[in-house]
Amino acid sequence: GLKRLTVEQSREIDMRAYAHTIVKGWTGEIYPGEPVGECSPANVLAVFQRLPDFFTDLQGKCSEEENYRAERAQEAVLD
């Protein structure tokens, strides 16, 4: 039969999906004096793995409907 994913496996899949589809650019530093480097899926995934709370926060922001309403309302005004 089918095997269930562990929580860790599911989170890894989510991180990889976000690294390839959600994060499209970035600037700044991970820690003072440590730039984030090139925005590539591999680097994004490395940051997510190093800073799991950052990934959790990003997931939360991406799932908040209100973050999309303002953008849609502004687009409607511009049309």
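All figures in this text were calculated on a predicted structure; none of them were measured in a lab.
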> Please list, chain by chain and in numerical order, all residues satisfying side chain to side chain donor-acceptor pair (under 3.5 Å) with Glu12, sequence neighbours excluded.
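Side chain to side chain donor-acceptor pair (under 3.5 Å) check on Glu12 returns Arg16, Gln49.
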> To the nearest 0.5 Å, what is the distance between CD on Glu8 and CE on Met15?
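That separation rounds to 11.0 Å.
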> Is Ile30 reachable from Ile22 through a run of I, L, V, M, F, W or Y residues, each pair having side-chain heavy atoms under 4.5 Å apart?
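As far as the 4.5 Å side-chain criterion goes, Ile30 and Ile22 are connected within one cluster.
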> May I have the step-by-step check of side chain to side chain contact (heavy atoms under 4.5 Å, CB included) for Thr56 and Arg11, ending in yes or no?
CA-CA 10 Å; Thr56 300; Arg11 187 163 174 83; 2.9 Å; yes
> Say whether Ser10 and Arg4, considering side chains only, have a donor N or O and an acceptor N or O under 3.5 Å apart.
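On atom types as modelled, these side chains do not qualify, holding no pair under 3.5 Å.
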> If you look only at distance, which donor and acceptor atoms sit under 3.5 Å apart when one is on a side chain in residues 33-42 and the other is two or more places apart or in another chain?
from: Glu34; atom 1: OE1; to: Arg50; atom 2: NH2; distance (Å): 3.2
from: Glu34; atom 1: OE2; to: Arg50; atom 2: NH1; distance (Å): 2.4
from: Glu34; atom 1: OE2; to: Arg50; atom 2: NH2; distance (Å): 3.4
from: Ser40; atom 1: OG; to: Asn43; atom 2: N; distance (Å): 3.2

> Check Ala19 against Phe48 and note the closest heavy-atom contact, atom names and distance.
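Taking Ala19 first and Phe48 second, the nearest heavy atoms are N-CE1, 3.9 Å.
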> Going hydrophobic residue to hydrophobic residue with side-chain gaps under 4.5 angstrom, can you get from Tyr18 over to Ile13?
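Different clusters.
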> Under a 4.5 Å side-chain heavy-atom rule over Ile, Leu, Val, Met, Phe, Trp and Tyr, are Val7 and Leu58 clustered together?
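No, separate clusters.
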